[in-house]
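See structure below.
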Amino acid sequence: MVKPITIVGGGLAGLTLGIGLRQCGVPVTLHEAGSYPRHRVCGEFISGRGQATLARLGLRELFDQAGAVSARTTAFFSATKSTAPRPLPAAAICLARYTLDAALVKKFRELGGELFEGRRVPAENVGEGIVRATGRRAQAEQGGSRWFGLKIHARNVPLAADLEMHVSAQGYVGLCRINGGEVNICGLFRKRADESSEGSTWRELLRGQPGSPLRERLAGAEFDENSFCAVAGLSLRPQSAAARTEICVGDAITMIPPVTGNGMSMAFESAELAIAPITAWSRGETSWSEARQKIASDCDAAFARRLVWAKWLQRLILTPALQNPLVALAARSDRFRRMAFERTR
Ligand SMILES: Cc1cc2nc3c(=O)[nH]c(=O)nc-3n(C[C@H](O)[C@H](O)[C@H](O)COP(=O)(O)OP(=O)(O)OC[C@H]3O[C@@H](n4cnc5c(N)ncnc54)[C@H](O)[C@@H]3O)c2cc1C
C-alpha cells in the first residue's frame, strides 16, 4: 500500500517533484492555478547544481530534445564600462519557460501523474500528504523598495556573449540566447515604495537608457509581444526551510536573488531532496513530520551559504555607485568572476 501525495503548484519545483515521485511509484495529484503552455518572468538561464539533478532524473535529455541552448560565455555592462566576453566557469542551459514547463508537464502525465490546471488551492489546505510548491510569497515592499520583474523574447539581437548582464540605476537586464533562435530579455527592477506607479514603460526599462550599451544592443530588436510578462511583489529576503510548518519546495521555501540565475536550480534541487523522504512516508516507513524535518534540514544545508552570498552580491551589483567599479573589476579579474559565480551556486 502506498499513500498518495498532493502537490499544490505546477511550476518547476512541483512538476519536478511530481516526476521524481512517479518514478518511485508514488501516486501524485498536482493542482496548478494557471494553465500550460505559458510564458513566465525568468532569465531562462539554468546554471549550477540543478543541472546534475536534471541528469539524475533523466530530464536533461528532455530539455535537449526541446531545443535547449548551451551558454558558455558571459559579458557585463554598466553605463560606461564593459567586460570582453569570457568563459563561464561552467556551462549553463537556456530554454524558454514556455517550452520547459510544457515538457515537464508532458513527462509528468506520461508517468501517470494526475494534473489539474486552472485549480487554485486555498492557502489553508495544508497537512499530511500535501506539498507546497506555490512559488514566491508576494510581498508588496521590502526595505522601502518595490521589486518587479519583466521579460520578453526578441529576434535580431546581436549578442557579444551567450549571456550579457547590463546593470543600471533601476536594476539589471540579462540577455541570453534561447531555443528557436530567440533572445530572452529579462530584467529585475526596483522602485521606491513612495514612487508613483507612472513613469517608465516596460519597453523603456527593458531597452535601457538612451546611449547605454543595452539600448544599442536592442536597437534592431523584433519583439515577440505575446511573450511579454511581468511580476511584482518580489521578496528577496532569504528564509530558511526549517521555519516552514509544511513541506515546501522551490521558491515556496525562499527566493534567491534572481541576479544569480540559480532559482530554477534550487527548484530542481529541492524537489530532488524531497523525493526519498516523501516516498518513505508514502510507503509507511516514516512519519510526515520526520519527512518534513529531513527535507527542510537538507534544503537549508544545501542553500544557506549561497543565499547569503547571493544577497550580498545582488546588493553590491544594484548599488549605482559601485556598478562601474564592479564591472571594471570583473573585466580585470578572472578570480573575482569565478568566485562570484561559484559561491552563488
Ligand atoms: C526577474 C527574474 C529573473 C529570474 N531569472 C532566473 C534565471 O535566469 N535563472 C534561474 O535559475 N532562475 C531565475 N529566476 C527564478 C526562477 O524563475 C524561480 O526560482 C523558479 O521559477 C521557481 O520555481 P517554483 O516552481 O518554485 O515556482 P514557480 O515557477 O513560481 O511556480 C509556482 C506555481 O504555483 C502555482 N500556484 C501558486 N499558488 C497556487 C495555489 N494556491 N494553487 C495552485 N497553484 C498555485 C503558480 O501558478 C505557479 O505555476 C528569476 C526570477 C525572476 C523574478
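Atoms within a ligand are numbered from 1 in the order they appear, just like the ligands themselves. Values below: every heavy atom of this structure, side chains too, minus hydrogens, waters and symmetry copies.
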[atom]: the protein heavy-atom neighbour that sits closest, reported with distance to 0.1 Å:
atom: atom 23 (O) of ligand 1; value: A267 CB, 3.9 Å
atom: atom 35 (C) of ligand 1; value: E32 OE1, 3.2 Å
atom: atom 34 (O) of ligand 1; value: G9 CA, 3.3 Å
atom: atom 14 (N) of ligand 1; value: C42 SG, 4.1 Å
atom: atom 10 (C) of ligand 1; value: M264 N, 3.4 Å
atom: atom 15 (C) of ligand 1; value: G263 CA, 4.0 Å

At a 4.0 Å threshold, what atoms of ligand 1 neighbour a non-hydrogen atom of [X]?
X: G187; result: 1 (C)
X: A13; result: 25 (O), 26 (O)
X: V8; result: 40 (C), 42 (N), 43 (C)
X: G250; result: 26 (O)
X: L12; result: 25 (O)
X: R119; result: 42 (N), 43 (C)
X: V41; result: 1 (C)
X: A133; result: 32 (C), 33 (C), 34 (O)

Pick one of side chain, backbone, both or neither for how [X] approaches ligand 1, counting any non-hydrogen atom pair under 4.0 Å.
X: H31; answer: backbone
X: R97; answer: side chain
X: M255; answer: side chain
X: I256; answer: neither

Give a yes or no on this: more than 12 heavy atoms of other residues, nucleotides or ligands lie within 6.0 Å of atom [atom1] of [X].
X: R49; atom1: CZ; result: no
X: R72; atom1: CZ; result: no
X: K3; atom1: NZ; result: yes
X: E342; atom1: CD; result: yes

Under 3.5 Å between any N/O of [X] and any N/O of ligand 1: does that happen in this structure?
X: A33; answer: yes
X: F45; answer: yes
X: V121; answer: yes
X: C186; answer: no
X: V249; answer: no

Test salt bridge (charged side-chain N to carboxylate O under 4.0 Å, His left out) applied to R177 and E182, step by step: CA-CA 6 Å; R177 297 190 181 97; E182 292 194 311; over 6 Å; no
Tell me which donor-acceptor pairs under 3.5 Å the side chains of residues 311-323 have, and how far apart each pair is, sequence neighbours excluded?
unit_1	atom_1	unit_2	atom_2	d
T319	OG1	R315	O	2.6
Q323	NE2	S168	O	2.9
Q323	NE2	I317	O	2.9

Output field: ring centroids F228/W202 closer than 6.0 Å: yes
Are a donor atom and an acceptor atom from the side chains of [X] and [Y] found within less than 3.5 Å of each other?
X: T99; Y: N179; result: yes
X: S265; Y: R345; result: no
X: H31; Y: E117; result: no
X: Q293; Y: S297; result: no
X: E128; Y: W281; result: yes

Can you check which of I93, D251, L104 brings a heavy atom nearest to atom 19 (O) of ligand 1? D251
Residue selection (non-hydrogen contact nearest atom 28 (P) of ligand 1) among R40, R38, R120, R136: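 That would be R40.
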Is the shortest distance from a Lys or Arg side-chain nitrogen in E32 or R119 to a carboxylate oxygen in the other one below 4.0 Å? no
List for me each residue that meets ring-ring contact (aromatic ring centres under 6.0 Å, His included) alongside F108, sequence neighbours excluded, and say none if there are none.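 ring-ring contact (aromatic ring centres under 6.0 Å, His included) check on F108 returns nothing, list empty.
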Run the contact test for I46 against ligand 1 with a 4.0 Å cut-off on heavy atoms, strictly below, and give the result.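 It does not; every heavy atom stays at 4.0 Å or beyond.
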